[in-house]
Amino acid sequence: MPEGNFYERVYHWVRQIPPGQVTTYGAIAALAGNPMAPRAVGYALRVLPENSDVPWQRVVNKAGKVSPRGVDPGLAVFRQRKLLEREGVAFDADDCIDFKRFAWAGPAG
DNA sequence: GAGATGACGGGCT
DNA sequence: AAGCCCGCCATCT
């Protein structure tokens with residue numbers, strides 16, 4: 001039993017993201033029932049272990065970039081980017097992901 | 001119970 | 001176009 005149902009919802013929707021596709025914190029927040037709680041989504045993903053079954057790496061910010069976090073933001077971004085590239089997600093020279101090509105359309109399709 | 005935190009987003013400058 | 005400030009939320013201390 002999770003402490004809050006919100007976390008469970010976030011994890012549920014993030015698990016729906018197929019490999020090679022990405023979505024935003026805002027989109028997950030909306031799916032979880034709180035469109036104005038993208039920060040809470042980040043908080044939920046923050047507590048996940050690296051070996052979690054939740055593909056947290058497929059969630060990026062609205063700018064199409066990986067969000068820096070932790071004591072070593074550069075390393076964290078590097079590792080997430082590597083995971084995504086391994087799935088086929090491409091980054092441009094500005095470290096941005098092209099949503100036109102890799103954005104998750106959502107549960108509806 | 002109150003104050004502070006953080007992997008965001010929108011609006012304004 | 002890029003950067004700064006404010007507001008939003010759930011959670012933690």
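Within every chain, numbering begins at 1; the chains are lettered A, B, ... in the order of the sequence lines, protein sequences first and strands thereafter.
Within residues 65-76 of chain A, the residues that place at least one heavy atom under 4.0 Å from DNA chain B are, in residue-number order, A:Ser67, A:Pro68, A:Arg69. The stretch residues 79-104 of chain A does not touch DNA chain B, since none of its heavy atoms comes less than 4.0 Å from the strand.
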Indicate every side-chain donor-acceptor pair of residues 28-55 of chain A with a distance under 3.5 Å to a residue at least two apart or in another chain.
residue, atom, partner, partner atom, Å
A:Glu50, OE2, A:Arg79, NH2, 3.0
A:Ser52, OG, A:Val54, N, 3.0
A:Asp53, OD1, A:Arg15, NH1, 3.3
A:Asp53, OD2, A:Arg15, NH1, 2.6

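If you take CD on A:Gln57 and NZ on A:Lys82, they are separated by 13.0 Å, rounding to the nearest 0.5 Å. If you take OH on A:Tyr25 and CG on A:Asn61, they are separated by 6.5 Å, rounding to the nearest 0.5 Å.
No path of Ile, Leu, Val, Met, Phe, Trp and Tyr side chains, each step under 4.5 Å between heavy atoms, connects A:Val22 with A:Leu83, placing them in separate hydrophobic clusters. Hydrophobic clustering (side-chain heavy atoms under 4.5 Å, transitive across Ile, Leu, Val, Met, Phe, Trp, Tyr) groups A:Val10 together with A:Trp56. In the hydrophobic clustering of ILVMFWY residues, with side-chain heavy atoms under 4.5 Å counting as a link, A:Val59 and A:Trp13 come out together. In the hydrophobic clustering of ILVMFWY residues, with side-chain heavy atoms under 4.5 Å counting as a link, A:Ile17 and A:Tyr7 come out together. A:Ile97 and A:Trp104 are assigned to two separate hydrophobic clusters, defined by single-linkage of ILVMFWY side chains at heavy-atom distances under 4.5 Å.
Which of C:dT11, C:dC9, B:dA7 sits closest to the side chain of A:Arg46 comes down to B:dA7. Here B:dA7 is the nucleotide among B:dA7, C:dC12, C:dC9 with the atom lying nearest to any side-chain atom of A:Leu45.
No donor-acceptor pair under 3.5 Å is formed between the side chain of A:Asp94 and the backbone N or O of A:Cys96. Using modelled atom types, no side-chain atom of A:Asn5 and backbone atom of A:Glu8 make a donor-acceptor pair closer than 3.5 Å.
Taking both residues in full, the closest heavy atoms of A:Gln80 and A:Val66 are given as OE1-CG1, 3.1 Å, listed atom of the first, atom of the second, then distance. For the pair A:Arg69 and A:Ser67, the tightest heavy-atom approach, listed with the atom from each and the gap, is NH1-O, 3.1 Å.
Rounded to whole angstrom, the span from the OH atom of A:Tyr43 across to the P atom of C:dT11 amounts to 9 Å. The CD1-P distance, from A:Ile28 to B:dG9, rounds to 11 Å in whole Å. Atoms CZ (A:Phe6) and P (C:dA10) sit 7 Å apart, rounded to a whole Å. We find that OH of A:Tyr7 is positioned 12 Å from C1' of B:dA7, with the value rounded to whole Å.
The side chain to side chain contact (heavy atoms under 4.5 Å, CB included) check on A:Pro19 picks up A:Arg58, A:Glu87, with sequence neighbours excluded.
A donor and an acceptor atom sit less than 3.5 Å apart, one in the side chain of A:Tyr25 and one in the base of B:dA7.
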Using atom names, set out every protein N or O paired with an N or O of nucleotides 5-8 of chain C below 3.5 Å, distance rounded to 0.1 Å.
residue, atom, partner, partner atom, Å
C:dG7, O6, A:Arg39, NH1, 3.4

Could you run down the sub-3.5 Å N/O contacts of the protein with nucleotides 11-13 of chain B?
none

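Applying the 4.0 Å criterion to OP1 and OP2 of B:dG9, one finds that A:Asn61 has every side-chain N and O outside that range.
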